[in-house]
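For reference, the structure discussed in these notes is given below.
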Amino acid sequence: MRRSPPRRSHYAIEVRPEIDNSRVSLLGWVHEVRDLGGIKFILLRDVSGICQVTIKKENLPTETLQRLEDLGAEDVVHVEGTVKNQPKARLGVEVVGEKIEILSRASRPLPYDVTGKVPAGLDTRLDYRVLDLRNPENNAIFKIADTVLAAAREFFRMNNFIEVRTPRIIATATEGGAALFEVKYFDSKAYLAQSPQLYKEELVTVFERVFEIGPFFRAEESHTRRHVSEFTSIDIEAAFLDLYGVMEILEKLIVHIHKRVVEERKKELEILNVDLNIPELPFPRYAYDDMLKELENYGMELAWGEDFGTEHLRILGEKHRGYYFITHFPTKSKPFYIQPCEDNPEISESFDLMYSWLELASGGTRISDRKLLEKRLLEQGLNVKYFEHHLKVYDYGMPIHAGWGLGFERLLMVLTNKNNIREVILFPRDKFRLVP
RNA sequence: GCCCUGGUAGUAUAGUCCGGUUAGUAUACGGGCCUGUCGAGCCCGGGACCCGGGUUCAAAUCCCGGCCAGGGCGCCA
């Protein structure tokens with residue numbers, strides 16, 4: 001028979017002056033121990049936060065004290081004691097320990113300092129990621145991430161979107177361009193999806209408005225702070241809307257997410273030292289052509305039709321702080337499924353959502369005419385044959401539609417003020433990291 | 001893939017230019033003292049020069065190659 005686990009009466013954060021003199025039962029990890037000889041202070045950490053447990057020699061039997069002699073960081077403990085208001089404690093309140101049980105011991109020395117007193121490099125931290133995540137600051141990032149995902153789903157449902165799931169294992173490249181990971185698929189070759197693009201377009205003919213939040217894969221040789229091999233995309237596609245309709249949805253989503261994070265993650269924002277403001281609607285919109293002129297004013301020439309390089313975006317980001325859209329990119333710089341403008345097919349009904357110099361989202365009106373789509377496939381040098389299944393759908397009644405894909409982790413970088421995307425991914429994957 | 005910079009105890013660093021003491025410090029860890037710590041303090045202890053080759057009387061230090069890391073570019077979200 002296994003002994004039943006001890007019961008928790010309160011979380012660490014609930015140890016507050018209001019419950020002075022209450023008996024509590026706490027479960028958690030030893031964050032720090034400060035042993036003064038006759039008195040010992042334990043910082044007990046659980047998912048909610050940290051509280052102080054005070055152990056007085058005079059209060060406890062020798063046997064218990066002996067077992068506590070080598071109590072160390074990250075040991076799992078069960079503490080029973082009484083809450084006491086205590087002006088001498090920084091938090092104003094502490095738990096005077098009466099019974100302490102060590103449920104699991106951590107090895108020592110630990111490979112990484114969870115309290116953050118000695119800084120560790122990102123590479124070391126990621127090697128011991130589970131320990132790293134116990135640091136309150138790193139922990140806060142992922143509590144905010146949880147709120148972002150919940151807020152996004154809430155927003156989409158309020159706006160009549162249906163959550164869908166499309167395949168991660170695909171037969172051919174959806175967009176050309178980005179490099180794909182090849183996987184063995186029984187006796188043939190398959191690829192990991194880099195985007196839900198074609199599937200979500202097909203699904204608007206059924207559900208009208210769909211969204212998907214999920215991982216996608218790019219086998220790029222990227223070596224930057226904002227690229228990884230596996231990332232999360234928040235994607236939507238909506239029938240009977242054009243680029244302006246989905247831009248409006250996007251900016252409202254961003255505002256909704258900000259509101260929820262500010263409401264629900266005050267403590268985490270404080271820990272991260274982030275002063276998050278709710279952006280004003282609508283976000284500024286600039287055409288590609290206007291941005292070219294702006295760059296010229298800074299003495300940076302860029303041939304019409306070329307996409308912005310990082311140096312261009314950094315210049316634009318200097319001037320445009322916060323969120324803004326760039327619209328109407330040259331058709332040739334965009335994927336085949338983007339709708340060219342009727343009055344000038346050289347430019348497209350496309351947009352990017354930027355935050356300063358960082359690209360957060362990309363979208364636009366999609367082509368809904370099969371003939372035009374086939375023409376664009378050919379122009380981009382793609383083989384129409386591979387898209388037969390997709391093209392058929394256009395014969396069954398394809399409404400005008402538009403959509404976008406938003407880089408979840410990039411948004412999280414903005415919200416948490418982190419400058420390396422690896423900071424905001426639990427277990428990041430890039431060309432140089434496949435474990436843990 | 002290309003370019004720049006780096007690799008020293010568990011962690012983070014000094015020393016490297018200009019080759020030569022016992023490779024310094026902080027923190028973590030072990031031992032001791034300590035009844036109000038909250039970056040606790042004080043004393044003691046063990047613990048390191050990425051790998052391979054070369055130059056030299058002598059290499060952490062200089063040279064070459066490799067591997068790894070940080071950043072930038074390209075590509076992209």
Can you tell me if R422(A) touches the phosphate of A69(B), counting only side-chain N or O atoms and a distance under 4.0 Å to OP1 or OP2? no
Can a side chain N or O of K117(A) be found less than 4.0 Å away from OP1 or OP2 on A28(B)? yes
Does the side chain of K40(A) get closer than 4.0 angstrom to OP1 or OP2 of G36(B) through an N or O atom? no
Between E69(A) and L43(A), just flag the one whose closest nucleotide in RNA chain B comes earlier from the 5' side. E69(A)
With P as the reference atom in both, quote the distance from G15(B) to G54(B) in angstrom, rounded to an integer. 29 Å
Are OP1 or OP2 of C75(B) and a side-chain N or O of T224(A) less than 4.0 angstrom apart? no
Ignoring hydrogens and angles, does a donor from either the side chain of E220(A) or the base of G74(B) sit under 3.5 Å from an acceptor on the other? no
With a 4.0 Å limit, can you tell me whether R314(A) has a side-chain N or O closer than that to the phosphate oxygens OP1/OP2 of G72(B)? yes
Residue pair Q52(A)/E230(A) against RNA chain B: nearer the 5' end by closest nucleotide is Q52(A)
Considering only NZ, NE, NH1 and NH2 on the basic side and carboxylate oxygens on the acidic side, decide whether E296(A) and K293(A) come within less than 4.0 Å. no
Distance between the P atoms of G74(B) and C3(B), in whole angstroms? 16 Å
Look at the side chain of P109(A) and decide which nucleotide, out of A40(B), C75(B), C29(B), has an atom nearest to it. C29(B)
What is the base-pairing partner of G46(B), counting Watson-Crick and G-U wobble geometry with both distances under 3.5 Å? none
Quick note, T124(A) side chain, CB onward, closest among G36(B), G72(B), U11(B) is U11(B)
May I ask you to decide whether D35(A) forms a salt bridge with K57(A), counting only side-chain N to carboxylate O separations under 4.0 Å? no
Quick one: is R90(A) getting a side-chain N or O under 4.0 Å of the U37(B) phosphate, OP1 or OP2? no
Less than 4.0 Å between a side-chain N and a carboxylate O, is that true for K418(A) and E137(A)? yes
Atom P, compared across A26(B) and A14(B): separation rounded to whole Å: 15 Å
When the C1' atoms of A28(B) and G39(B) are compared, how many Å lie between them, rounded to an integer? 14 Å
Would you please determine if the base of A77(B) is stacked by F231(A), with stacking meaning a centroid separation under 5.5 angstrom and planes under 30 degrees? yes
Between the side chains of R125(A) and N138(A), is a donor N or O closer than 3.5 angstrom to an acceptor N or O? yes
Watson-Crick or G-U wobble mate for A69(B), both contacts under 3.5 Å: U5(B)
Separation between CZ (F41(A)) and CD (Q52(A)), nearest 0.5 Å, reads 5.5 Å
Return the CG to CG distance between L192(A) and L180(A), rounded to the nearest 0.5 Å. 8.0 Å
Side chain of E359(A): nearest nucleotide among A77(B), G30(B), G36(B)? A77(B)
For N419(A) and G71(B), is the shortest distance between a side-chain N/O and OP1 or OP2 below 4.0 Å? no
Donor-acceptor pair (no angle test) under 3.5 Å: R410(A) side chain, C76(B) base: yes
For U22(B), the Watson-Crick or wobble partner whose two distances fall under 3.5 Å: none
Counting only Watson-Crick pairs (N1-N3 plus N6-O4 or O6-N4) and G-U wobbles (N1-O2, O6-N3), all under 3.5 Å, who is the partner of C34(B)? none
Can you find a donor-acceptor pair, distance only, under 3.5 Å between S222(A) side chain and C76(B) base? no
